[in-house]
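Working notes, structure below.
Chain naming here is simple, since letters A, B, ... match the order of the sequence lines and numbering starts at 1 in each.
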There are 2 protein chains.
Amino acid sequence: MTNQTTKMYLQIVRELRLLIQAENIKPGEKLPSERELAERLQVGRSTVREGLRSLELLGLIETKRGEGTFLTDYRKHKLVDVLATFILQDSKALEDVQVTRELHEKEAIRIVVGSSKLNQLPVWTSLLNQLTEEGSIIREDLIREILISSNNRLSLKMWFLLKQFGEHPFQGYSTLEEKGYIQKLIEAIIDGEIEQALGTFAAWTDWLSKGREII
Amino acid sequence: MTNQTTKMYLQIVRELRLLIQAENIKPGEKLPSERELAERLQVGRSTVREGLRSLELLGLIETKRGEGTFLTDYRKHKLVDVLATFILQDSKALEDVQVTRELHEKEAIRIVVGSSKLNQLPVWTSLLNQLTEEGSIIREDLIREILISSNNRLSLKMWFLLKQFGEHPFQGYSTLEEKGYIQKLIEAIIDGEIEQALGTFAAWTDWLSKGREII
DNA sequence: ATTTCAAAGTGGTCTGACCACTCAATAAAA
DNA sequence: TTTTATTGAGTGGTCAGACCACTTTGAAAT
């Protein structure tokens, strides 16, 4: 039985998938123990572990010493994390991260502004009020709302990841000048003015990167 | 030493990364053997294997029985088919994959068409010739070239991943009708006509999804 | 020079052993 | 009875050593 064409640990991954399906194990719930799996699948425990470890690195399962192995919420896989540290080693890569993040942001703006449903969401006027009254909106808040409203969870997820990767240059509160950009962008969204919205976004981004250079 | 807060196999992954960097191991080249790694990192071989297995499932390394372990070309990681069956279970997710892929494609088109350098690359006329003479271009070829030319490796990598995720509906050669789209798109690129290029791309995409529905 | 084949090296797997940790049942103390 | 300690079973984490299957290599035989 040790002479297989397909590697055993991959078989484990497959079996595990079937098992999860068959027993209807939901995210957060517990998987059989390593020893039990080894028994049931008629393989050594170390082989089971090789399969489990690879799934863990993918963020598909979570193990807790002394407790067991659990199926994770798929929404928080860390594959990109891993890839990133491997792949992103030169400075061009960091720039790519930023460009790619902005790519997702721009598209989300297009989606939201272009939809007469989405651009009338109460959240926009709410944000506008919050801005004029308290002045406590920061870039991330607005962009996040836009991403969420654009209704593409995958894109949202990537955005979150990219955001974590890149530098975090402007976590603080907005300056007066930045508030102007924010306000213009929100107004353009509500008015459904795509060009206006994208233009403001571009100007804002430019302004930010200029500030970055000064530092 | 068995009492670590961070799991040993993750340490292995980290060490391995450093080792690769330190010894300047390039894709395709051989890594130290499992036994040697265990010796050098002062851990058991099974622990080394857990780290290696997870990297293998991510497609970052490749192992050949009797030969050794090799660093793979990042461009062919296969984490996807694993993730796919695990993650993408609702149809909305599949739709998101496609939308997100097109998002990257559209932005790449914008970049390339909008740059007087990039839209004059010889590859475009070359592709155009290839199309009229042999007619052997398929969608993927053209889009890939665009992504590559847009010069954002991260976006390119994501595109590869998303492409593998989604369905593979049109792997075959192009129909006459599709050639029309391809030709129009390439010409728009060369002419630097952004709107024209994006419009053609959108029409092409629509046409493809219609064909998909018929099936 | 060519062929043959045995040895060394490598990944693949199994077994059995400890360790560290968690949790719940049980026993002891209040 | 209620609360607090303790114990033991179960689980993941790691290790060492043993084979097996396969590839490469180089020495020996031709």
Side-chain angles (χ1 to χ4, degrees), chain A residues 1-16 19-20 23 25 27-73 78 82, chain B residues 1-16 19-20 23 25 27-73 76-78 82:
Chain A
M1 197 55 61
T2 176
N3 179 17
Q4 295 267 275
T5 53
T6 56
K7 295 174 187 174
M8 216 44 203
Y9 88 97
L10 286 176
Q11 198 73 29
I12 302 298
V13 171
R14 209 165 304 141
E15 296 281 0
L16 222 36
L19 187 148
I20 288 170
E23 307 205 355
I25 299 175
E29 293 180 4
K30 194 160 168 292
L31 294 173
S33 76
E34 298 180 349
R35 289 168 177 86
E36 186 186 337
L37 283 173
E39 177 87 13
R40 285 167 62 167
L41 306 179
Q42 285 296 293
V43 296
R45 190 182 152 211
S46 54
T47 304
V48 168
R49 281 183 63 82
E50 290 189 12
L52 288 176
R53 254 3 89 224
S54 45
L55 291 180
E56 183 178 7
L57 192 64
L58 276 179
L60 295 174
I61 61 173
E62 210 167 2
T63 56
K64 294 175 187 168
R65 190 200 217 123
E67 297 181 56
T69 305
F70 303 83
L71 200 54
T72 66
D73 193 322
K78 46 190 162 182
V82 180
Chain B
M1 198 56 59
T2 177
N3 179 16
Q4 295 269 276
T5 51
T6 56
K7 294 174 187 176
M8 216 45 202
Y9 88 98
L10 286 177
Q11 198 73 29
I12 302 298
V13 171
R14 211 166 302 143
E15 296 282 359
L16 222 37
L19 189 148
I20 289 170
E23 308 205 354
I25 300 176
E29 293 180 5
K30 195 161 167 290
L31 294 173
S33 75
E34 298 180 349
R35 288 170 178 85
E36 185 185 337
L37 284 172
E39 177 86 15
R40 285 168 61 168
L41 306 180
Q42 285 296 292
V43 297
R45 193 182 152 210
S46 53
T47 303
V48 169
R49 282 184 61 81
E50 292 188 13
L52 289 176
R53 252 6 86 224
S54 44
L55 291 181
E56 183 177 7
L57 192 64
L58 273 179
L60 294 174
I61 60 174
E62 211 166 2
T63 55
K64 293 175 188 168
R65 191 200 218 123
E67 297 181 56
T69 306
F70 303 83
L71 199 55
T72 65
D73 193 320
K76 47 173 175 172
H77 34 240
K78 52 189 160 183
V82 183

Checklist entry - So, do Leu52(A) and Leu16(A) sit near enough that their side-chain heavy atoms are less than 4.5 Å apart? => result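 They are in contact (side-chain heavy atoms under 4.5 Å apart), so the answer is yes.
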Checklist entry - Got Ile25(A) and Leu19(A) here, is their nearest side-chain heavy-atom distance under 4.5 Å? => result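 Side chain of Ile25(A) against side chain of Leu19(A), heavy atoms only: contact under 4.5 Å found.
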Let me know the distance between [atom1] of [X] and [atom2] of [N], rounded to the nearest Å.
| X | N | atom1 | atom2 | value |
| --- | --- | --- | --- | --- |
| Phe70(A) | dG12(D) | CZ | C1' | 11 Å |
| Arg65(A) | dT14(D) | CZ | P | 7 Å |
| Glu50(B) | dC14(C) | CD | P | 14 Å |
| Glu67(B) | dT10(C) | CD | C1' | 9 Å |
| Met8(A) | dC22(D) | CE | P | 15 Å |
| Arg49(A) | dG16(C) | CZ | P | 18 Å |
| Ile61(B) | dT10(C) | CD1 | P | 15 Å |
| Glu62(B) | dT10(C) | CD | C1' | 16 Å |

Item to check | Along DNA chain C (nearest heavy atom to each residue), the more 5'-positioned of Val43(A) and Leu52(B) | outcome: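 Closest to the 5' end, via its nearest nucleotide, is Leu52(B).
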Next on the checklist: Please classify the nucleic acid contact of Ser46(A) as base, sugar-phosphate, or nothing, using heavy-atom distances under 4.0 Å.
Outcome noted: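 If one applies the 4.0 Å heavy-atom cut-off, Ser46(A) turns out to touch a base.
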Next on the checklist: Once you apply a heavy-atom cut-off of 4.0 Å, does Gly44(B) come out as touching a base, just sugar-phosphate, or nothing?
Outcome noted: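 Contact class for Gly44(B): sugar-phosphate only.
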Item to check | Atom pair OG1/CD1 of Thr47(B) and Ile12(B) - distance to nearest 0.5 Å | outcome: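 It comes to 6.5 Å.
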Next on the checklist: Surrounding CD of Glu39(A) (heavy atoms of other residues, nucleotides or ligands, distance under 6.0 Å), is the total greater than 12?
Outcome noted: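 Atom CD in Glu39(A) is not packed in, count stays at 12 or less.
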Checklist entry - Taking all atoms of both residues into account, what is the closest heavy-atom pair of Val48(A) and Glu34(A), and its distance? => result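 Looking at all heavy atoms of both residues, the closest pair is CG1-O, 4.1 Å.
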Checklist entry - Going by heavy atoms closer than 4.0 Å, what residues in residues 29-37 of chain B are next to DNA chain D? => result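 Going residue by residue through residues 29-37 of chain B, the ones with a heavy atom under 4.0 Å of DNA chain D turn out to be Arg35(B).
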Item to check | With sequence neighbours excluded, residues passing side-chain contact (heavy atoms from CB on, under 4.5 Å) with Lys30(A) | outcome: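 For Lys30(A) the side-chain contact (heavy atoms from CB on, under 4.5 Å) partners, ignoring immediate neighbours, are Phe70(A).
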Check the phosphate of [N] against [X], side-chain N and O only, distance under 4.0 Å to OP1 or OP2. Yes or no?
| X | N | result |
| --- | --- | --- |
| Thr47(B) | dG13(D) | no |
| Thr63(B) | dG12(C) | yes |
| Arg45(A) | dT14(D) | no |
| Arg53(A) | dG13(D) | yes |

Item to check | Arg53(B) with Glu56(B): basic N within carboxylate O range, under 4.0 Å | outcome: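 A salt bridge is present here (some side-chain N lies under 4.0 Å from a carboxylate O).
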